[in-house]
Amino acid sequence: MSELPKGYEPKDVEAKWYAAWIEGRCFEADPRSAKPGYSIVIPPPNVTGILHLGHVLNNALQDILARRARQKGFEVLWLPGTDHAGIATQTKVEQLIRKEEGKTRRDLGREEFLKRVWAWKEQYGDIIIGQLKRLGCSCDWSRERFTMDADYTREVQQVFVKLFEKGLIYRGLRMVNWCPVSLTALSDEEVIPKQQNGKFYTMRYEVVEEPGRYLEISTTRPETLMGDTAVAVNPLDERHQDLIGKHVWRPFPRLAIPIIADEAVDKEFGTGALKVTPAHDRIDFEIGQRHDLPIIDVLHPDGRINCPDCPDLDGIDRFKARKLAAAKLAEMGALVKEEDYSNNVGFSERADVPIEPRLSLQWFLRYPSVDRTAAAVENGEIVFRPDRWRKTFAHWMENLQDWCISRQLWWGHRIPVWYRKDKAADLQSAETLDLGDRNKGDIHVGTEPPSDPENWVQDEDSMDTWFSSWLWPFATMDEETRKKFYPTNDLVTGPDIIFFWVARMIMAGYEFMDELPFRNVYFTSIIRDLQGRKMSKQLGNSPDPLDLMDQFGADGLRFGLLRIAPVGSDVRFDESQVEEGRNFANKIYNACRFRQMASEGRALALPPLDSLPPYHLDIMAKLDALTAQLEESYGEYRFGEIAQKMHEFLWSELCDWFLEAVKGDLRNTANAAERDRTLAVFDAVMSRFLQLLHPYMPHVTEELSARMGYVPEGEFLMNQLLPAEPLLAGFDAAPAQQKAAAIYEATGRMRNLKFEYNVATRRDVTFIVKNAPSWLADESDVLALLAGAGEIRMDDAYESPKGTPVAITPVGEVYLPLEGLIDVEAEKIRLGKEIDKLSKEVIKCEAKLGNASFVDRAPAEVVEQEKARLAEWKGKLAQLGEMLEALR
RNA sequence: GCGCGAUUAGCUCAGUGGUAGAGCACAUCCUUCACACGGAUGGGGUCGCAGGUUCGAACCCUGCAUCGCGCACCA
């Protein structure tokens, strides 16, 4: 224990303790422990990721849960790791290679490219892990997993095979969301609708059978009209009845296409006629299926037009081609009008470009264990917090579409399907593929390649990243670990991945482990900037948590963020909150420093409780109350409230009141007994407080506990169990608390008086108390100290000179005699105002009590309360009246 | 279009039927030996609007407005 420097410097302290915890293996979970298990799996950040505030909030919450569980005697596993993030990582490395070597992944070939990605992953993949460590996360790093570890890969493949064998995975020719930049299919969840401002073109097509008659058709996408194979109208639409069955001329390439009737066409929309492009629109595709229309694909995978018959458009980018096509129509006199139009267009989540509906061969999964999953959330077996996400979840579960799980990527788990070489060409382009084909022996589906690999060709595709993430809660654990720690207890994640991840994990849990993967799901707030915008790189409104930690400490960042994070809605981030977090750490530190200045002795034993002054008992009672409140708040996952309560206790109750009240004890070197009992109470309270705060601010609490000698040398605060008993177990502190509260309230009124009369800084004033309770004599020194007075004199016979300021307090009428200083007229005005204010309250109160229906119908205790209040106010009013009278 | 959420002090947020709260910011005072990353005191709100239920509404109900988020549509 050494003398503490004046201000708390988090940086070195945080690094020191994190290293010590690792060294002490404090985070490692022992599956053979006799203690009950508690587990959380981290939502694995992308290997390409860097820490942002969302991660901070998310992981700070998990750390709080993990550390609190340890304090409560659980064997805790917080399992960390990263996600291989197929598209993001592949894109990143491809860009790097293009920049550095001017090569594409195809130039390198699959094998070489994958080598490069692995090398990149080895070099940069753990940046975010280092950042989580900086934040103080108590993950069991010895168990860090990656979604492409060998063991994990085996799990993914096994799952694929199992689902295939159940007939739930199949390959089919379907309309999928195609990303023209990433050149892969996407699941529906990876498509983000965005409002776009574009043009709405109305064209006219001549009716083949009736030259000179035209049918008007509206579209936002004239560039695809070369792929039109029909025009559809609603069968009930009177305007077009007679045209059904006839044909129109498609302008280019010129072709007669049929006019068909289909109920999918909205009569009210546009002209009521729809150009049908089965290759490039989901609805059109379905219409095409119903009417057996040909499918003409006029786009290359990268979004350029593929139409050799229209040389002026062929090879042109889809958006440029849109304008060209419109111009071409105008030239031909086929364009009727062009209007501004705003509609929703689906964007690729990763590449942020409009997706293209595209017909392609993909692997699909019919979701397993759907009913159990829906039921578990519905009936509360799995608890969502906040509860309202349940509804969103249920809605999604009711409208499940098969999951497109194949991606045309190289980085990822490869589809474990092989085709017999001699039939590969046919099989790879077959419109459907399922269990039957396997039984014929033409395809091999398994976790191992076929025994004669030279005769087989593996499927080119890899799997959606989420097809590995959904196994995370169990695929990261070996048998022994699962036995102890599966199912996990809490999952902390953002509501934005409720479908991507949470729902699918529950299904996987039931399907493959026959048990739910977690019991509680806590959805964090989404962090926005002060304008309410989402944090994003483009906007540059996302502060770097590393900078914030350098500036304010990891503890400061954690506390500041947690204190404002509400349950369930978004949070607007303000750096000043983090500053508050740092200030809080500094405040605690200085409270400890103050105690050390009085005596460097270690924590002292508490003297008998009934020998302690009211302030001491009061602060202990408040600590006990805080302990109980936190227990309750943790039970409800009200993290912001917990932070708020701890802040208030330390700053207001402990520092502003208790420490100020006992300053005299600590300064008084003559009376060692008084000093020591105060130190003992401080130590008892502070040591417990630090423990309560530890999950939120692990570093500073560990540091102070060590420095103050609250934790034996060689041990860690983080490993200490929370005390089972309150400090004041079985002791009635109520009378003491009432005294303390009376003194504190009187202090406020007396300080206020001093301020009103401009003597706030003088410490030599004398207060005279009339009608004081007898016990006040024992406490007058403390009251003098708190109120900043030279003397407190009790004198029931005191006759106040005209104009003496007075305050009505719980310990009597307190006069502040300041002869010659008082402006009698000003005092009259002040008193007049006070009387005015109070009179209004009294009138309100009397009116309420005069209301018969209130007295009759309100509960008796409310009426009593009101009566007591009225009596008190009336008393005060009378006193004030007398004082005003005295002035006249 | 359907659903969900939000709307309380200048700002960020608490507050689920009984005298409107915290922190920051602001004003005034204090560089008093824990802390100026501090202390003291104070000003500031007809709780989005309009109805209703109730003795009593920030809180419960209905409608509306504004903002945000899902889902659907999106030719």
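Just so you know, these numbers come straight off a predicted model, no measurement behind them. The chains referred to below are lettered A, B, ... by the order of the sequence lines, with proteins before strands, and numbering in each begins at 1.
- When Watson-Crick and G-U wobble pairs are counted only if both distances are under 3.5 Å, G45(B) pairs with no nucleotide at all.
- Pair assignment for G70(B) gives C2(B), based on Watson-Crick or G-U wobble hydrogen-bonding distances that are each under 3.5 Å.
- Taking the six-membered ring where tryptophan is involved, the planes of Phe584(A) and His647(A) are tilted, since the angle between them lies from 30° to 60°.
- Here U31(B) sits opposite no nucleotide as a Watson-Crick or G-U wobble pair (both hydrogen-bonding atom distances under 3.5 Å).
- C73(B) and G5(B) have their C1' atoms separated by 22 Å, given to the nearest Å.
- G45(B) and G21(B) are spaced 13 Å apart, taking the P atom of each and rounding to whole Å.
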query: What does nucleotides 27-39 of chain B look like as a protein-contact string, B for base, S for sugar-phosphate only, - for none, at under 4.0 angstrom between heavy atoms?
result: -BSS---BBSBSS
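- Below 30°, between 30° and 60°, or above 60°: for Tyr8(A) and Tyr589(A) the angle between ring planes is between 30° and 60°, a tilted geometry.
- A6(B) and G44(B) are spaced 24 Å apart, taking the C1' atom of each and rounding to whole Å.
- With both ends at atom P, the span from G18(B) to G56(B) equals 14 Å, rounded to whole Å.
- The C1' atoms of C47(B) and U8(B) are separated by 4 Å, rounded to the nearest whole Å.
- The residue among Val855(A) and His647(A) whose nearest nucleotide of RNA chain B lies closer to the 5′ end is His647(A).
- Nucleotide G5(B) holds its C1' atom 17 Å from the CZ atom of Phe384(A), rounded to whole Å.
- At least one side-chain heavy atom of Ile287(A) sits under 4.5 Å from a side-chain heavy atom of Ile283(A).
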task: With side chain to side chain contact (heavy atoms under 4.5 Å, CB included) as the test, would you mind laying out the steps for Ile295(A) and Thr229(A) before giving the verdict?
output: CA-CA 7 Å; Ile295(A) 297 167; Thr229(A) 49; over 6 Å; no
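- Side chain of Asn752(A) to backbone of Gly748(A): no donor-acceptor contact under 3.5 angstrom is found.
- In terms of modelled atom types and a separation under 3.5 Å, the side chain of Arg762(A) and the main chain of Gly790(A) share no donor-acceptor contact.
- For Trp657(A) and Tyr744(A), the ring centers are positioned less than 6.0 Å apart.
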message: Please determine whether salt bridge (charged side-chain N to carboxylate O under 4.0 Å, His left out) holds for the pair Arg221(A) and Glu356(A), giving the CA-CA distance in whole Å, both sets of side-chain angles, and the decisive distance to 0.1 Å.
response: CA-CA 12 Å; Arg221(A) 302 203 62 187; Glu356(A) 232 9 278; 2.8 Å; yes
Only distances under 3.5 Å count here; give the side-chain donor-acceptor pairs of residues 547-558 of chain A to other protein atoms, sequence neighbours excluded, each with its distance to 0.1 Å.
{"unit_1": "Asp555(A)", "atom_1": "OD1", "unit_2": "His699(A)", "atom_2": "N", "d": "3.4"}
{"unit_1": "Asp555(A)", "atom_1": "OD1", "unit_2": "His699(A)", "atom_2": "ND1", "d": "2.7"}
{"unit_1": "Asp555(A)", "atom_1": "OD2", "unit_2": "His699(A)", "atom_2": "N", "d": "3.3"}
{"unit_1": "Asp555(A)", "atom_1": "OD2", "unit_2": "Val700(A)", "atom_2": "N", "d": "2.7"}
{"unit_1": "Arg558(A)", "atom_1": "NE", "unit_2": "Tyr696(A)", "atom_2": "O", "d": "3.1"}
{"unit_1": "Arg558(A)", "atom_1": "NH1", "unit_2": "Asp63(A)", "atom_2": "OD2", "d": "2.8"}
{"unit_1": "Arg558(A)", "atom_1": "NH1", "unit_2": "Leu135(A)", "atom_2": "O", "d": "3.0"}
{"unit_1": "Arg558(A)", "atom_1": "NH2", "unit_2": "Asp63(A)", "atom_2": "OD2", "d": "2.8"}
{"unit_1": "Arg558(A)", "atom_1": "NH2", "unit_2": "Pro695(A)", "atom_2": "O", "d": "2.8"}

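- Going from atom CD of Gln401(A) over to atom P of C71(B) covers 13 Å, rounded to whole Å.
- Taking atom CD1 of residue Ile526(A) and atom P of nucleotide G5(B), one finds them 16 Å apart after rounding to whole Å.
- Between Ala746(A) and Leu783(A), the shortest heavy-atom distance links the atoms CB-CD1, 4.2 Å.
- Taking atom C1' on both nucleotides, C30(B) is separated from G15(B) by 34 Å, rounded to a whole Å.
- Nucleic acid contact for Phe573(A): none, since no nucleic acid atom lies under 4.0 Å from a heavy atom of the residue.
- RNA chain B is contacted by both Glu756(A) and Gly346(A); Glu756(A) maps to the nucleotide lying nearer its 5′ end (nearest heavy atom per residue).
- Figure legend. U62(B) is base-paired to A50(B); pairs are counted as Watson-Crick or G-U wobble with both atom distances under 3.5 Å.
- Between Asn752(A) and A40(B), a side-chain N or O to OP1/OP2 separation shorter than 4.0 Å is absent.
- Within the shown strands, G23(B) is the pairing partner of C11(B) under the Watson-Crick or G-U definition, both distances less than 3.5 Å.
- Rounded to whole Å, the P atom of G52(B) lies 49 Å from the corresponding atom of G38(B).
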If you restrict it to nitrogen or oxygen atoms, what contacts under 3.5 Å exist between nucleotides 17-19 of chain B and the protein, and what is each distance?
{"unit_1": "U19(B)", "atom_1": "OP2", "unit_2": "Arg869(A)", "atom_2": "NH2", "d": "3.4"}

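- Residue-level contact check: Ile283(A) touches the backbone only, with heavy atoms under 4.0 Å from sugar-phosphate atoms and none from bases.
- For the P atoms, the distance linking U7(B) with G42(B) amounts to 29 Å, nearest Å.
- We find that CD of Glu641(A) is positioned 13 Å from C1' of C13(B), with the value rounded to whole Å.
- Taking atom CG on Leu561(A) and atom P on C13(B), their separation rounds to 12 Å, with Å as the unit.
- Within 4.0 Å of Val265(A), counting heavy atoms only, lies at least one base atom of the nucleic acid.
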field: Derivation and outcome, salt bridge (charged side-chain N to carboxylate O under 4.0 Å, His left out), residues Asp228(A) and Arg250(A)
entry: CA-CA 8 Å; Asp228(A) 291 3; Arg250(A) 186 182 69 191; over 6 Å; no
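- Among the nucleotides C11(B), G70(B), C4(B), the one closest to any side-chain atom of Phe499(A) is G70(B).
- Rounded to whole Å, atom C1' of A22(B) lies 8 Å from atom CZ of Arg563(A).
- At whole-Å resolution of the value, CG in Asp281(A) and C1' in C73(B) are 12 Å apart.
- Residues Phe682(A) and Phe594(A) place their aromatic rings such that the two centres sit no closer than 6.0 Å.
- When the C1' atom of G42(B) is taken as reference, atom CE of Met750(A) falls 19 Å away, rounded to whole Å.
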